[in-house]
Peer 1: 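What follows is a structure written as C-alpha cells; I'll ask about it next.
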Amino acid sequence: RSTLEGSEATMNNLKSQRADAVAADVATHVVFMATKADVQSKTAAKDRAQARAVGAKAEAQARAELSAKSALRAAVERATLAQASTDARAEAAEVEMVAEAAAARDVAGGTAEGLC
C-alpha cells in the first residue's frame with residue numbers, strides 16, 4: 001500500500017509540475033503578446049506621426065506654390081500695367097513731337113509767306 005501511495009504522490013507531484021509548466025508557458029505567451037501589441041501600437045503611432053508630418057509638408061509646399069503663383073501673377077499684372085503706362089507715355093511723346101513739328105512747319109510756312 002505504501003508503494004501505491006508513493007506512486008500516487010509522485011503522480012500528483014508530476015501533475016503539479018506539469019500544471020506549473022503550462023502556467024509558466026501561458027504567462028510567457030501573455031507577456032510576449034502584450035509586448036508585441038505595445039510595439040505594434042508604438043509603430044502605428046510613429047507611422048501616424050510621420051504621415052501627419054508628410055501631410056503638413058505637402059500642405060506647406062502647396063501653400064508656397066500657390067503663394068508663388070499669386071506673386072508671379074501680381075508681378076505680371078504690374079509689368080503689364082507698367083508696359084501700358086510706358087506705351088501711353090511714348091505715344092503721348094510722339095503726339096507731342098508731331099504737334100511740335102506741325103507747329104514748326106506752320107511757323108516756317110508763315111515766315112516763308114511773309115518773305116514772299
Side-chain angles (χ1 to χ4, degrees):
R1 186 170 188 166
S2 122
T3 306
L4 184 61
E5 287 175 358
S7 294
E8 230 176 82
T10 301
M11 190 71 121
N12 287 338
N13 189 11
L14 289 173
K15 285 181 183 178
S16 174
Q17 286 177 1
R18 181 171 175 177
D20 289 347
V22 168
D25 282 349
V26 168
T28 300
H29 184 69
V30 167
V31 168
F32 170 76
M33 293 305 288
T35 302
K36 183 178 175 182
D38 186 47
V39 168
Q40 288 174 338
S41 173
K42 288 178 182 176
T43 301
K46 182 180 172 185
D47 290 346
R48 283 191 304 273
Q50 191 173 14
R52 279 193 302 271
V54 168
K57 182 179 178 182
E59 186 178 337
Q61 187 174 359
R63 274 197 216 123
E65 287 174 7
L66 183 61
S67 179
K69 285 179 184 177
S70 179
L72 178 61
R73 193 174 303 120
V76 167
E77 287 176 13
R78 283 193 303 273
T80 302
L81 290 174
Q83 183 63 45
S85 177
T86 301
D87 290 348
R89 277 190 240 126
E91 191 175 320
E94 189 178 326
V95 168
E96 188 177 332
M97 285 187 335
V98 169
E100 287 176 0
R105 192 177 52 237
D106 288 345
V107 168
T111 306
E113 286 178 15
L115 292 175
C116 293

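Atom set for the values below is all heavy atoms of this structure, side chains included, hydrogens, waters and symmetry mates excluded. Numbers for residues simply follow the sequence, beginning at 1. None of the values given here were measured: they were computed from a predicted structure.
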Peer 1: Atom CD of residue position Q50 - does it have more than 12 heavy atoms of other residues, nucleotides or ligands inside 6.0 Å?
Peer 2: no

Peer 1: Taking V31's backbone N and O only, do any of them form a donor-acceptor pair with T35's side chain (distance below 3.5 Å, no angle check)?
Peer 2: yes

Peer 1: Looking at OG1 of T43 and CZ of R48, how far apart are the two atoms once the value is rounded to the nearest 0.5 Å?
Peer 2: 10.5 Å

Peer 1: Supply the atom-to-atom distance R52 CZ to E59 CD, rounded to the nearest 0.5 angstrom.
Peer 2: 13.5 Å

Peer 1: Roughly how far, to the nearest 0.5 Å, is the CD atom of E94 from the CE atom of M97?
Peer 2: 6.0 Å

Peer 1: To the nearest 0.5 angstrom, please state how far the NE2 atom of H29 sits from the NZ atom of K36.
Peer 2: 8.5 Å

Peer 1: Mind checking whether R63 and S67 have side chains closer than 4.5 Å, heavy atoms only?
Peer 2: no

Peer 1: For the CE atom of M11 and the CG atom of N13, what is their distance to the nearest 0.5 Å?
Peer 2: 11.5 Å

Peer 1: Apply the hydrophobic cluster definition, ILVMFWY joined by side-chain contacts under 4.5 Å directly or through others, and give me every member besides V76.
Peer 2: L72

Peer 1: Within the side chain of S41, is there an N or O that forms a donor-acceptor pair under 3.5 Å with the backbone of A37?
Peer 2: no

Peer 1: Is it true that D87 and Q83 share a donor-acceptor pair across their side chains at a distance under 3.5 Å?
Peer 2: yes

Peer 1: Any side-chain to backbone donor/acceptor pair from S70 onto L66? Under 3.5 Å, distance only.
Peer 2: no

Peer 1: Within the 4.5 Å heavy-atom criterion, are K46 and K42 side-chain neighbours or not?
Peer 2: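 They are not in contact (no side-chain heavy atoms under 4.5 Å apart), so the answer is no.
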
